[in-house]
Protein chains: 2
Amino acid sequence: MPDTPWTPPPVLLAVDLVILTLRSAQLHVLLVERGIEPYRGRHALPGGFLSHADEDLTAAARRELREEANLDAARLHLEQLGAYGALGRDPRGRVVSVAYLAVAPGLPEPEAGTDAAGAAWVPVHDVEARHLELAFDHRQILADGIERARTKLEKSSLAAAFCGETFTIAELQQVYEAVWGTRLDPRNFYRKVRGIPGFIVPAGSQRRTTGGRPAQLFRRGPQTVLFPPLNRPPSQTPTPLRTDP
Amino acid sequence: MPDTPWTPPPVLLAVDLVILTLRSAQLHVLLVERGIEPYRGRHALPGGFLSHADEDLTAAARRELREEANLDAARLHLEQLGAYGALGRDPRGRVVSVAYLAVAPGLPEPEAGTDAAGAAWVPVHDVEARHLELAFDHRQILADGIERARTKLEKSSLAAAFCGETFTIAELQQVYEAVWGTRLDPRNFYRKVRGIPGFIVPAGSQRRTTGGRPAQLFRRGPQTVLFPPLNRPPSQTPTPLRTDP
DNA sequence: CTAATAGTGTCTTTAAGACAGTATAGA
DNA sequence: TCTATACTGTCTTAAAGACACTATTAG
């Protein structure tokens, strides 16, 4: 080794967001249409570079959420998915992106922000069935985000993050059915969910209008770890062994 | 916004490794003693900066493994834990580190590499019980790595990565007991493990010398996803809801 | 023989799934 | 009344755990 002090190479750091929500019982993801090169006109996950070297990663995620999708991140659940740093993933150079998963209750159509030509909720099925190609490696990031949500529904209270302040058990069931892509027995689901201590608590004796008997309303309970867990039915494809991420 | 084209701020990128192994039925982690500031003399996870801007993240992880611990990464299972980028985590400036989990079969004492004053296997209990303080946020990274290993034992064939090419069922049970910190019934464990299709396959009709009846040897099967899963007993603390990582 | 570990059979308990039946609203 | 949804009870089946028992080696 020579005497010249070696300095590590700088790298560009970005954040990307997988923002999931439920719209008419279907799982949707928030996508923006890119207004600039590369991939101009292509759909992509909201995201962008760190604004300055001292910006926190989660702060950057919340800022992009606001700038590109006009969403207030205060109410959203945010969770890191991992770092995506494959060599050819961005034609502009060496860019490493830290991806976050966000889960939002049903929300109105987003407005386009400043950096993006447009923002819209897209059914995840349209991306999975390749009806829609995404920019960069965002298809992979989205797949990882969905898979994370699927497994987290089992043992955490993440499902309640898809719902509003109060919700019925039937609405909660719709979350599980949409994210897992399965059908569940409402009667067994009801008993199971009510038997998990601290998951949901009755919210007054209010009700809600539907076709039949009004349902009780609930809100999130204090417990974030579900026990016993809500196991998803087999024949799905859980966590294989991959090195990245 | 002015006309001056804005360029994103560069950031220093590092990799850190949580390398777990089993030594005399105890879970150990590979630590190095830092030879330079900051945290000189303190124990830390192996890791370091990207060597050049075009180095792959996993390549950097394998390189550090070789340089700092003289370990050949070819046989090791490697899996990304996430990105650690909190603002004050490195006094040298803005450093974002991508952490990896590696799992190795029982290995001889490592030799010190070039960058580190020394490398040694340390029982994870010594770190958890705060008998040993680590540099940077490595205590948190280690905790996340252990938790990842714990949950991955349930539904993936990760446990076999702790074992050599061939192993007995009793050895495999020791992995689960050490990582989970529980005791398991050998007879139920035997039946359970053999009932998971593709997890382990008999390796010839060989044997091994112990105090009693020789055991059959097995090797890894083709299946990486375990079904039915090996659920760890309750009273542990699984996946809570955290935003980072 | 005894000691020690490998592997099997079987019972009990517990959770999951199927599904009939009751309750409470609107029209 | 009928319809639709909310909620309850019960049976069947499958998995988890406890543990007695047999098998095969070393000494």
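Letters go in sequence order (proteins before strands), and every chain restarts at 1.
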Practice item. Compute whether any side-chain donor of one residue and acceptor of the other, for Q26(B) and H28(B), lie under 3.5 angstrom apart. Key: no
Check your understanding: Rounded to the Å, how far apart are R183(A) CZ and dC19(C) C1'?
Key -> 16 Å
Practice item. Mark yes or no for whether Q80(A), through its side chain, and A83(B), through its backbone, hold a donor-acceptor pair below 3.5 Å. Key: yes
Point to revise | side-chain hydrogen bond (donor to acceptor under 3.5 Å, both in side chains) against E128(A), all qualifying residues, sequence neighbours excluded | key: none
Point to revise | Test of ring centre spacing under 6.0 Å for F167(A) and F218(A) | key: no
**Study point:** E79(A)-H77(A) side chain donor-acceptor pair, cut-off 3.5 Å
**Key:** yes
Under 3.5 Å, which N/O atoms of the protein pair with N/O atoms of nucleotides 21-23 of chain C?
from: dA23(C); atom 1: N3; to: R213(A); atom 2: NH1; distance (Å): 3.1

Check your understanding: Think Y190(B) has a side-chain N or O under 4.0 angstrom from the OP1 or OP2 of dA6(C)?
Key -> no
Check your understanding: Q216(A) has an atom CD; how far is it from atom P of dT24(C), in whole Å?
Key -> 11 Å
Exercise for review: Would you mind reading off the distance between Q173(A) atom CD and dT5(D) atom P, rounded to a whole angstrom?
Suggested key: 12 Å
Scan nucleotides 12-17 of chain D against the protein and return all N/O pairs shorter than 3.5 Å with their distances rounded to 0.1 Å.
from: dA16(D); atom 1: OP1; to: K192(B); atom 2: NZ; distance (Å): 3.2
from: dA16(D); atom 1: OP2; to: K192(B); atom 2: NZ; distance (Å): 3.3

Review point. Between R63(B) and E68(B), is there a salt bridge with N-O shorter than 4.0 Å?
Key: no
Practice item. Inspect the contact between E147(A) and K152(A) and indicate whether a charged nitrogen and a carboxylate oxygen are less than 4.0 angstrom apart. Key: no
Exercise for review: Starting at atom CZ of F189(B), determine the distance to atom P of dT5(C), rounded to an integer number of angstrom.
Suggested key: 17 Å
Point to revise | Check: D16(A)/Y84(A) side-chain N/O donor and acceptor closer than 3.5 Å | key: no
Practice item. Take atom CZ of R194(A) and atom C1' of dA15(C), then tell me their distance rounded to the nearest Å. Key: 19 Å
